[in-house]
Amino acid sequence: MQVQLERVLEQVLARNPGEREFHQAVTEVFESLGPVLERNPQYVDAAVLERLCEPERQIIFRVPWVDDHGQVRINRGFRVEFNSALGPYKGGLRFHPSVYLGIVKFLGFEQVFKNSLTGMPIGGGKGGSDFDPRGRSAGEVMRFCQSFMTELYRHIGEYTDVPAGDIGVGGREIGWLFGQYKRITNRYESGVITGKGVTWGGSLVRTEATGYGTVLFAERMLATRGLSFDGMRVAVSGSGNVAIHAIEKAQALGGHVVACSDSLGYVVDEAGIDLEVLRQVREVERLPVAEYATRRGGGAHYVPSARVWQVDAQVALPCATQNELDETDAKRLVESGLLALAEGANMPLTPEAVALLQSAGVLYAPGKAANAGGVATSALEMQQNASRDAWSFEHTEERLAGIMARIHDNCAETAEEYGDPGNYVLGANITGFTKVADAMLALGVV
Ligand code: GLU
């Protein structure tokens, strides 16, 4: 079976040259699948792996827009509709200069497994653009979103493909995207996009869900060793939506969060991160995280051009971006007494960093399990839209907590069943894969 896996992997790498992050995501999943194929030769006979690695549809389009100086700008837009065996394609849009096909495909591939893990009826997809919103005026970002949707609208729909946010796409951008969709189609189709504002079809808890869910997953994982967040020293990377809500939930559970970051540097605040100040700086004024240290005065300090993983921590929550924590960082964290790490971002650890944590016995939760609360709550938003209902915060948060507990337990049980208890990578990959693979078998060669 190993030979079979290696042959397919080789094919996938050769068919998708230069897509480094996609190669990384596929390789990591394949490393878990040997025993599943051994037990289920029907997956091999039906070429499930080959089909899983080939997106059902890949759309690349031009996004022209005019900047504030009247200059015409061109960006590239993407939507990769990866797998719809379990439901309509579902996944976010990322606006960041690093976006190219390989990034969108890695994210889309991860999304297929993540969405399967949520237990909700959603397939996997991802999209975005190499547009850089940093330093752009609100008017420029709005015109970009409108131009992006002017092409994307023909590919999406409640039963087809349901985008949402990701890096560079928050509630503001979702509003402009949805507004343009509504204008072009002349239909108020709430279920076409998620992450909407609560006054116009959005769900309570969607904003908080990814960060909250990551911490809830970590809490349950810590409990397997009789540990909890109470009194734990926590380091978080990033300071966007996922990071802010991870900090909020970790603090609510008694965690002592001492650091967070942005792409320019990190801040350490031994008194504990003051969320009110952080929110004002990052969400309201959209300033770099360095400003947090300035406003907090003596207690906090800013370290430019360095990664937050220099900070000692018992729990680490990478909530920034892919490959933001490498082997050297992992080694240092382990030496500083790291007990657990849960990924709020998608694929934030390099494969070498993952291997190091696992061999050091650190509890490690991969993003496709730990950060699935965001997309799961998107599916709850779709449920509310379909029934023209709006649930309370408490009810929705309870649903999220239930989903995260189930994902955790399913991963843990699968890891045990396959003879490697505590290996959440194995558990997540096998659980996510099996559900999609069975649906693909049932639906025939399509
Ligand atoms: N971009 C988020 C993720 O990585 C959320 C996607 C969604 O809600 O559709 O899972």
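Numbers for residues simply follow the sequence, beginning at 1. Quick note: numbers below take in every heavy atom, side chains included, and nothing from hydrogens, waters or symmetry partners. Atoms within each ligand, like the ligands themselves, are counted from 1 in listed order.
- Checked against a 6.0 Å centroid threshold, the rings of Tyr100 and Phe78 do not count as neighbours.
- A salt bridge does not link Arg187 with Glu158: every distance from a Lys NZ or Arg NE/NH1/NH2 to an Asp or Glu carboxylate oxygen is 4.0 Å or more.
- By the side chain to side chain donor-acceptor pair (under 3.5 Å) test, Ser129 pairs with no residue at all, sequence neighbours left out.
- Checked against the 6.0 Å centroid threshold, Phe148 and Phe95 count as a close aromatic pair.
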Go ahead and list the nitrogen or oxygen contacts between ligand 1 and the protein that come in under 3.5 Å, distances to 0.1 Å, or just say none.
| from | atom 1 | to | atom 2 | distance (Å) |
| --- | --- | --- | --- | --- |
| ligand 1 | 1 (N) | Lys126 | NZ | 3.2 |
| ligand 1 | 1 (N) | Gly165 | O | 2.9 |
| ligand 1 | 1 (N) | Asp166 | OD1 | 2.9 |
| ligand 1 | 4 (O) | Lys114 | NZ | 3.0 |
| ligand 1 | 4 (O) | Lys126 | NZ | 3.0 |
| ligand 1 | 4 (O) | Asn346 | ND2 | 3.1 |
| ligand 1 | 8 (O) | Arg206 | NH2 | 2.9 |
| ligand 1 | 8 (O) | Ser378 | OG | 2.6 |
| ligand 1 | 9 (O) | Lys90 | NZ | 2.7 |
| ligand 1 | 10 (O) | Gln111 | NE2 | 3.1 |
| ligand 1 | 10 (O) | Lys114 | NZ | 2.8 |

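- Scored by the side chain to side chain donor-acceptor pair (under 3.5 Å) test, Lys435 finds no partners at all (sequence neighbours excluded).
- When the side chain to side chain donor-acceptor pair (under 3.5 Å) test is applied to Tyr292, the partners found at least two apart in sequence or on another chain are Asp269, Arg296.
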